[in-house]
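Side-chain atoms are counted along with the backbone in the values below, which use heavy atoms only and exclude waters and symmetry mates.
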Amino acid sequence: MARMAQTDFIRMIIEEDLAADRHGGRVATRFPPEPNGYLHIGHAKSICLNFGIAGQYGGTCNLRFDDTNPSTEETEYVESIKDDVRWLGFEWNGQVRYASDYFEQLYEWAEKLIEKGVAYVDSLTAEEISEHRGRWNESGRESPYRDRPVEENLDLFRRMRAGEFEDGTHVLRAKIDMTSPNINLRDPVMYRIRHESHHRTGDDWCIYATYDWAHGQSDAIEGITHSICTLEFENHRPLYDWYVQALELEDPPHQFEFARLDISHTVLSKRRLLMLVNEGHVSGWDDPRMPTIVGLRRRGYTPEAIRNFCERIGVAKTNSIVDIKLLEFCQREDLEKRAPRVMGVLKPLKVVIENYPEDQVEEFEFPNHPDNPEMGTRMVPFSREIYIERDDFREEPPKKFYRLAPDREVRLRFAYMITCTDVIKDPDTGEVVELRCTYDPATKGGTAPDGRKVRGTLHWVSAAHALKAEVRLNDHLFTRENPNDVEEGKDFIDYLNPSSLEVLEDCRVEPSLADAEPGLPYQFERKGYFVVDSADSKPGKPVFNRTVSLRDSWAKIEQAQLQG
RNA sequence: UGGGGUGUCGACUAAUGGUAAGUCCCCGGACUUUGGAUCCGGCAAUCCAGGUUCGAAUCCUGGCACCCCAGCCA
């Protein structure tokens, strides 16, 4: 099903550039993560944009790690980020790139700017530099070191590189304009001294380029034509252009900004995600409730669904919060087509079919997908004692409840029609512990020869044949649509959804699931889409994560009834 | 407070001076051996005030609201 290709302002710019034959007709993008955390669905938007554009216009997309800060970056993240990009279905152009590959070139260019007289070594402290920078409504002041002669700057800068100075004693700054209303142009820092090991260059360097100095130049080195980033870098564009012009680079790259993704009922900032992990509110970065790629993957989300979601949300410059229900819709849409159907009873209620022979076992043939015969069939055993879903029985059925109730007949999917004849309760608690039913042998397969209809069809498992399983029902992590929008004196943590995870340890699933493999999606009929958990599942005792529930119109009716 | 951005159905996104469109949500209905899926229908928006124009979401003027920026983070 081909959907109309989504177009957006960035693609329009690219098409204009192509039409005007800019960059010699080339389109080159890049995805530039910093290796200091796990990727989340917000990054997926950027990945889909950058790789998608490259694919669409016959261009290339590089994967480049923006590893200019040795204090926070680690190889562990590099590997997980590569995995996530591939898992999403993208392959980068050639080798993985690193900003650190360009440290030497960047250094040479820095010397060039010093020689040109537009960069200088400043020896103010960090605090003093901050003071000199001024404020939004007040001009900055020039550093007393701003007019050091070129030779002195060169000498100092070389000694910075040689490791002669302590951290924080000197920085290299671009000499631009301390009175600029754009604070990024008030002599931005290009290099800072950091005597720290870098995850790739080890101890080769003790001066490290800042983002602004490294990023655009890395783009230029790689021949990037369209450097796409998020809105908060809009203020940096004049600086991006300044560096590239000062170096007099040919066919310079240009920066374009779009609004980052935000989704309701979750958080997408590294800081907040890290807090959830560190404070133990989730089990880790790959907790199935996390919006991280590893979390979504473990939850059972598919790359197809995520890519489709990213296409549907579009690309614009308006800050917005996408309803998480759109993500869920995209996932259902994908799984609806491909997930084989099985039966799993989450909250079992025993049913004894009194007129069914004690030792008899029948096998019924079930289609694996109701609308796709190519997915084949499987055999499902049936016997005198079965489990049905506790929610599928009501002693006093409300209006429009079409499921089982005393003296009522329902269909067991692809098996028989049964009628409830007796309800057995715990004498102490009054809780329903078992149902007694009779079946109509003439309704084998689920249809009655006399043509009578039943409104309800229930899923079931044979008690003797069923597999015990644990099922984890995942729900939104936060109760608030926007957990970042906090009331006075509160914190986003206060809006964690206490029932974001419901663990059901005594579920029963049909025996065909005995060799279900982690990562393969299933639809538990009438319940939702589930996947075998990749971390905690064990051969005899599978653990399933609910990826997303099915649409539940009864739940809506019931809720409406409760609200009157 | 200076600068840079952004305002279109409940949500997201189109319309680039010419019928305000699509998707999600929500609400009906049909169909149904999943209260699923599918199909059909419905709801519902141009931040405000002026101006230009035969005609304005779009252009102009003036407001208002929200976001970003004062790291040697990215």
Side-chain angles (χ1 to χ4, degrees), chain A residues 3-4 6-8 12 32-34 36 66 68-69 71-73 122 124-126 129-131 133-140 167-168 170-173 180-186 188-194 207-208 210-212 214-215 229-238 257 259 264 270 309 312-330 332-333 336-337 341 343 367 369-371 400-403 411-415 417 445-447 453-459 481 523-528 549-558 560:
Chain A
R3 186 174 291 111
M4 259 257 288
Q6 191 86 38
T7 195
D8 54 68
M12 281 184 202
E34 185 190 9
N36 72 345
D66 226 332
T68 54
N69 184 350
S71 317
T72 54
E73 294 154 1
D122 197 354
L124 254 24
T125 65
I129 287 178
S130 175
E131 281 164 18
R133 190 149 26 226
R135 302 193 155 241
W136 290 325
N137 56 343
E138 101 197 9
S139 170
D167 287 10
H170 306 278
V171 290
L172 185 72
R173 300 178 75 176
S180 173
N182 182 342
I183 289 179
N184 292 304
L185 262 19
R186 319 239 266 226
V189 171
M190 296 170 65
Y191 278 95
R192 69 277 210 191
I193 301 173
R194 283 262 230 281
I207 56 171
Y208 290 95
T210 54
Y211 166 84
D212 286 303
H215 199 90
C229 63
T230 45
L231 252 28
E232 66 269 29
F233 293 102
E234 220 158 10
N235 292 332
H236 295 238
R237 186 167 5 112
E257 312 85 12
S264 70
K270 268 182 195 170
F309 171 74
R312 279 178 194 248
I313 56 175
V315 179
K317 296 192 71 157
T318 321
N319 282 313
S320 62
I321 301 179
V322 177
D323 193 334
I324 197 165
K325 283 180 171 175
L326 181 58
L327 213 211
E328 294 169 350
F329 168 83
C330 290
R332 286 193 194 102
E333 181 184 52
E336 151 62 25
K337 290 177 298 192
R341 315 285 131 124
M343 291 193 292
H369 194 294
D371 309 316
K400 293 191 179 174
F401 183 86
Y402 302 140
R403 284 114 92 142
R411 171 169 39 233
L412 294 178
R413 179 139 230 228
F414 293 121
M417 292 187 187
T447 45
K453 303 278 186 209
V454 292
R455 289 299 290 267
T457 299
L458 312 187
H459 61 283
E481 212 171 280
Q523 185 196 95
F524 287 8
E525 292 210 29
R526 305 209 304 134
K527 286 281 136 188
S549 67
L550 248 25
R551 276 209 186 88
D552 190 347
S553 52
W554 164 242
K556 278 177 193 166
I557 292 167
E558 191 179 31

*Asks:* Calculate the interatomic distance between A/E257 atom CD and B/U6 atom P; express it in whole Å.
*Replies:*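 Whole-Å distance recorded here is 10 Å.
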*Asks:* Provide the distance between the two P atoms, one in B/G63 and one in B/G4, to the nearest whole Å.
*Replies:*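 It works out to 15 Å between them.
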*Asks:* Give, for atom CD of A/E257 and atom SG of A/C229, the distance between the pair rounded to the nearest 0.5 Å.
*Replies:*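 With rounding to 0.5 Å, CD (A/E257) is 5.0 Å from SG (A/C229).
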*Asks:* Pair A/N69, A/R194 - check side-chain contact (heavy atoms from CB on, under 4.5 Å), show working.
*Replies:* CA-CA 9 Å; A/N69 184 350; A/R194 283 262 230 281; 3.4 Å; yes
*Asks:* If you take atom types as modelled and just measure distance, does the side chain of A/Q523 reach the base of B/U34 with a donor-acceptor pair under 3.5 Å?
*Replies:* yes
*Asks:* Under the ring-ring contact (aromatic ring centres under 6.0 Å, His included) test, which residues partner A/H215, sequence neighbours left out?
*Replies:* A/Y211
*Asks:* Separation of A/I313 atom CD1 from B/A14 atom P, in whole Å?
*Replies:*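 It works out to 11 Å between those atoms.
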*Asks:* Let me confirm one number: the NE2-CZ distance from A/H459 to A/R526, rounded to the nearest 0.5 Å.
*Replies:* 5.5 Å
*Asks:* Below 3.5 Å, does any donor atom in the side chain of A/R403 face an acceptor in the base of B/G35, or the other way round?
*Replies:* yes
*Asks:* Roughly how many Å apart are B/C40 and B/C25, using the P atom of each and rounding to a whole number?
*Replies:* 16 Å
*Asks:* Nearest 0.5 Å, please: how far is CD1 in A/I207 from NE2 in A/H170?
*Replies:*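 The CD1 atom of A/I207 is 12.0 Å from NE2 of A/H170, to the nearest 0.5 Å.
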*Asks:* Would you please confirm or rule out a distance under 4.0 Å between OP1 or OP2 of B/G36 and any side-chain N or O of A/S553?
*Replies:* yes
*Asks:* Could you walk me through whether A/R133 and A/E138 pass the salt bridge (charged side-chain N to carboxylate O under 4.0 Å, His left out) check?
*Replies:* CA-CA 9 Å; A/R133 190 149 26 226; A/E138 101 197 9; over 6 Å; no
*Asks:* On a whole-Å scale, what distance lies between the P atoms belonging to B/C24 and B/A37?
*Replies:* 11 Å
*Asks:* What nucleic acid atoms does A/L458 come within less than 4.0 Å of, heavy atoms only: base, sugar-phosphate, or nothing?
*Replies:*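 No contact.
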*Asks:* Decide whether A/T457 and A/R413 meet the rule of one side-chain donor and one side-chain acceptor closer than 3.5 Å.
*Replies:*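 Checked: A/T457/A/R413 side chains show no N/O donor-acceptor pair below 3.5 Å.
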*Asks:* Using the P atom as the point on both nucleotides, what is the distance between B/A57 and B/A20, in whole Å?
*Replies:* 8 Å
*Asks:* Could you tell me how far B/G2 sits from B/U8 if I compare only their P atoms? Round to whole Å.
*Replies:* 25 Å
*Asks:* How many whole angstroms separate atom CE of A/M343 from atom P of B/U34?
*Replies:* 13 Å
*Asks:* Mind calculating the distance between NZ (A/K317) and P (B/G4) to the nearest angstrom?
*Replies:* 13 Å
*Asks:* Does B/A11 have OP1 or OP2 under 4.0 Å away from a side-chain N or O of A/S264?
*Replies:*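 No, outside the criterion.
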*Asks:* Would you say A/P238 and A/L185 make side-chain contact, with heavy atoms under 4.5 Å?
*Replies:*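 With C-beta onward as the side chain, the pair touches.
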*Asks:* Please report the distance separating the C1' of B/C54 from the corresponding atom of B/U1, rounded so that it comes out in whole Å.
*Replies:*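 After rounding to an integer number of Å, I get 45 Å for this pair.
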*Asks:* Find which nucleotide of RNA chain B each of A/E138 and A/A316 is nearest to by heavy atoms, and output the residue with the more 5' nucleotide.
*Replies:*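 Whichever sits nearer the 5' end wins; that is A/E138.
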*Asks:* Under 4.0 Å, heavy atoms only, any strand: does A/F329 hit a base, just the sugar-phosphate, or nothing?
*Replies:*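 Sugar-phosphate contact only - A/F329 comes under 4.0 Å of backbone atoms but never of a base.
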*Asks:* With heavy atoms under 4.0 Å as the rule, sort A/P238 into base, sugar-phosphate or nothing.
*Replies:* nothing
*Asks:* Please list, pair by pair, any protein nitrogen or oxygen found under 3.5 Å from a nitrogen or oxygen in nucleotides 26-31 of chain B.
*Replies:*
| residue | atom | partner | partner atom | Å |
| --- | --- | --- | --- | --- |
| B/C26 | OP1 | A/K556 | NZ | 3.0 |
| B/C26 | OP2 | A/K556 | NZ | 3.4 |

*Asks:* Across the strands shown, which category fits A/F401 at heavy-atom distances under 4.0 angstrom: base, sugar-phosphate, nothing?
*Replies:* base
*Asks:* Whole angstrom is fine here: how far is it from CG in A/L326 over to P in B/U23?
*Replies:*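 Result: 12 Å.
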*Asks:* Tell me whether the side-chain N/O atoms of A/R341 come closer than 4.0 Å to OP1 or OP2 in B/U34.
*Replies:*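 Checking B/U34 against A/R341, no side-chain N or O comes under 4.0 Å of OP1 or OP2.
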*Asks:* Which glycosidic conformation, syn or anti, is assigned to B/G28 if syn requires a torsion within 90° of zero?
*Replies:* anti
*Asks:* As an exercise, state the distance from NE2 of A/H236 to CD1 of A/I183, rounded to the nearest 0.5 Å.
*Replies:* 10.5 Å
*Asks:* Determine the Euclidean distance between corresponding P atoms of B/C27 and B/C69; express it in Å to zero decimal places.
*Replies:* 39 Å
*Asks:* For the pair made of CZ in A/R526 and C1' in B/A37, what is the distance, rounded to whole Å?
*Replies:*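 To the nearest whole Å, that distance equals 15 Å.
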*Asks:* According to the Watson-Crick and G-U wobble definitions, with both distances under 3.5 Å, which nucleotide is paired to B/A65?
*Replies:* B/U6
*Asks:* Could you tell me the separation between the NE2 atom of A/H369 and the NZ atom of A/K337, rounded to the nearest 0.5 Å?
*Replies:* 10.0 Å
*Asks:* Is any side-chain heavy atom of A/R551 less than 4.5 Å from a side-chain heavy atom of A/F329?
*Replies:* yes
*Asks:* Roughly how far, to the nearest 0.5 Å, is the CZ atom of A/F414 from the OG1 atom of A/T447?
*Replies:* 10.5 Å
*Asks:* Send over the distance from A/E481 CD to B/C25 C1', rounded to a whole Å.
*Replies:*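 In whole Å, B/C25 C1' lies 11 Å from A/E481 CD.
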*Asks:* Could you tell me the separation between the CE atom of A/M12 and the C1' atom of B/U13, rounded to a whole number of Å?
*Replies:*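 Whole-Å distance recorded here is 11 Å.
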*Asks:* Considering only the P atoms, how many Å lie between B/C12 and B/G55, rounded to the nearest integer?
*Replies:*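 Comparing P positions in B/C12 and B/G55 gives a spacing of 33 Å.
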*Asks:* Using a 4.0 Å heavy-atom cut-off, write out nucleotides 67-74 of chain B from 5' to 3' as B (base contacted by protein), S (sugar-phosphate only) or - (no contact).
*Replies:* SBBBSBSB
